[in-house]
Amino acid sequence: QVQLVESGGGLVQAGGSLRLSCAASGRTFSSYIIGWFRQTPGKGRDFVAAISRSGGSTYYADSVKGRFTISRDSAKNTVHLQMNSLKPEDTAVYYCAASIAILATAQAMGIMRIYDYWGQGTQVTVSS
């Protein structure tokens, strides 16, 4: 089992940047695919980005491609989501999640049901 804690959220102006972090407990961090999702009030949780166990494969939602970068620091059991050129529509609660699934494609990392563990979320607000 793994416990996830997100941090780094906050209020930023449009065009600005934020760096979210997802810290994981446990010694088996490298066993998990890590994904980021986001949710706005009254809507479902949407996929943002994910990274493979080794960090060698990443996958992004079209809406964030070219602006967000996901990376992992296995020595610190942490995954980061660098968010640049933020837009008001990026405003949401951001969640990180961990999966033990064995996947055939990188695109499968975008499927929410493969994730077994979730953090509590961190609020990101982008003002116009």
Side-chain angles (χ1 to χ4, degrees):
Q1 191 168 354
V2 64
Q3 292 183 328
L4 305 171
V5 179
E6 302 95 337
S7 63
L11 173 64
V12 65
Q13 288 188 333
S17 298
L18 281 175
R19 187 194 197 202
L20 303 184
S21 296
C22 174
S25 65
R27 292 176 291 178
T28 59
F29 177 68
S30 60
S31 300
Y32 296 93
I33 295 166
I34 302 295
W36 283 96
F37 291 76
R38 63 189 182 187
Q39 186 170 20
T40 54
K43 295 187 178 180
R45 203 165 287 189
D46 295 326
F47 170 73
V48 176
I51 190 164
S52 63
R53 293 171 177 82
S54 67
S57 180
T58 57
Y59 182 56
Y60 297 91
D62 287 343
S63 59
V64 306
K65 204 172 294 183
R67 299 188 298 123
F68 291 11
T69 302
I70 189 170
S71 61
R72 68 190 298 160
D73 183 343
S74 295
K76 296 183 178 179
N77 282 9
T78 301
V79 168
H80 300 291
L81 184 68
Q82 178 67 42
M83 306 187 297
N84 298 329
S85 302
L86 282 162
K87 304 175 182 180
E89 51 263 44
D90 294 317
T91 296
V93 177
Y94 283 71
Y95 298 90
C96 69
S99 172
I100 59 172
I102 305 299
L103 304 175
T105 65
Q107 290 88 336
M109 294 193 290
I111 300 172
M112 192 168 68
R113 67 175 181 269
I114 72 164
Y115 291 90
D116 308 288
Y117 306 100
W118 293 82
Q120 293 301 306
T122 185
Q123 176 70 46
V124 171
T125 302
V126 184
S127 63
S128 57

Rounding to 0.5 Å, atoms CD1 (Ile111) and OG1 (Thr105) come to a distance of 7.0 Å

- Message: Could you tell me if Ser71 and His80 have a donor-acceptor pair between their side chains, going purely by distance under 3.5 Å?
- Response: no

- Message: Could you go through Asp62 and Lys65, starting from their C-alpha distance and side-chain angles, then the distance that decides it, and tell me whether this counts as salt bridge (charged side-chain N to carboxylate O under 4.0 Å, His left out)?
- Response: CA-CA 5 Å; Asp62 287 343; Lys65 204 172 294 183; 3.1 Å; yes

Is it true that a side-chain atom of Thr125 and a backbone atom of Leu11 form a donor plus acceptor pair closer than 3.5 Å?
no

Heavy-atom closest pair (Gly110 atom, Tyr59 atom, distance to 0.1 Å) is N-CD2, 4.0 Å

Item to complete: Determine whether Phe68 and Asn84 make a side-chain contact, defined as any pair of heavy atoms from C-beta on separated by less than 4.5 Å.
Response: no

Exercise. Check whether any side-chain N or O of Ser25 sits under 3.5 Å from a backbone N or O of Gln3 as a donor-acceptor pair, and report yes or no.
Key: yes

Check: Can you tell me if Thr78 and Asp73 form a side-chain donor-acceptor pair at under 3.5 Å?
Finding: no

Separation between CG (Asp116) and CD (Gln1), nearest 0.5 Å, reads 10.0 Å

Measure the shortest side-chain to side-chain distance between Lys87 and Val126 over non-hydrogen atoms and say whether it is less than 4.5 angstrom. no

The single option from Tyr95, Tyr94, Tyr115 that satisfies ring pair (Phe, Tyr, Trp, His ring centres under 6.0 Å) with Phe37 is Tyr115

inquiry  = Would the distance check show the side chain of Arg53 and the main-chain N or O of Ile33 forming a donor-acceptor pair, the cut-off being under 3.5 Å?
reply    = no

Check your understanding: Cluster question for you: counting only ILVMFWY and a side-chain heavy-atom cut-off of under 4.5 Å, with indirect links fine, are Trp118 and Leu81 together?
Key -> no

Check the hydrophobic clustering (I, L, V, M, F, W, Y; side-chain heavy atoms under 4.5 Å; chains of links allowed) and say if Ile34 and Ile114 are grouped together. no

Determine whether Val64 and Arg38 make a side-chain contact, defined as any pair of heavy atoms from C-beta on separated by less than 4.5 Å. yes

Smallest heavy-atom separation, Phe47 atom then Met109 atom, equals CE1-O, 3.6 Å

dist Ser99:OG -> Met112:CE (nearest 0.5 Å) comes out at 12.5 Å

On a heavy-atom basis, the closest approach of Ala14 and Pro88 is CB-CD, 4.1 Å

Margin query: Counting only heavy atoms from other residues, nucleotides and ligands, does the tally under 6.0 Å from CD of Gln123 exceed 12?
Written below: yes

Note to self: Counting C-beta onward and ignoring hydrogens, is there a side-chain heavy-atom pair between Val124 and Leu20 closer than 4.5 Å?
What the structure shows: yes

The reported gap from NZ in Lys76 to OG in Ser21 (rounded to nearest 0.5 angstrom) is 9.5 Å

With sequence neighbours left out, the residues meeting side-chain hydrogen bond (donor to acceptor under 3.5 Å, both in side chains) with Thr91 are none

What one should report as the nearest heavy-atom pair of Leu18 and Gly8 is CD2-O, 3.8 Å

Closest heavy-atom pair, Tyr60 versus Thr69, reported as atoms and distance to 0.1 Å, is OH-CA, 3.3 Å

Q.
Looking at Lys43, I'd like to know if its NZ atom is crowded, meaning that more than 12 non-hydrogen atoms belonging to other residues, nucleotides or ligands lie closer than 6.0 Å.
A. no

- Query: Does Glu6 reach the main-chain N or O of Cys96 with its side chain, forming a donor-acceptor pair under 3.5 Å?
  - Reply: yes

* Shared ILVMFWY cluster between Val93 and Val12, side chains joined below 4.5 angstrom? -> no

Separation between CZ (Arg72) and OG (Ser52), nearest 0.5 Å, reads 7.0 Å

Arg67 and Ser85 have their tightest heavy-atom pair at NH1-O, 3.0 Å

request  = Under the side chain to side chain contact (heavy atoms under 4.5 Å, CB included) rule, what do Ser17 and Met83 come out as? Steps first, then yes or no, please.
outcome  = CA-CA 5 Å; Ser17 298; Met83 306 187 297; over 6 Å; no

Ile51 and Phe29: same hydrophobic cluster, using ILVMFWY side-chain contacts below 4.5 Å?
yes

Exercise for the section: Please answer: with hydrophobic residues joined when any side-chain heavy atoms are less than 4.5 Å apart, are Ile100 and Leu103 in the same cluster? Expected result: no

Is the count of non-hydrogen atoms from other residues, nucleotides or ligands lying under 6.0 Å from Gln107 atom CD greater than 12? yes

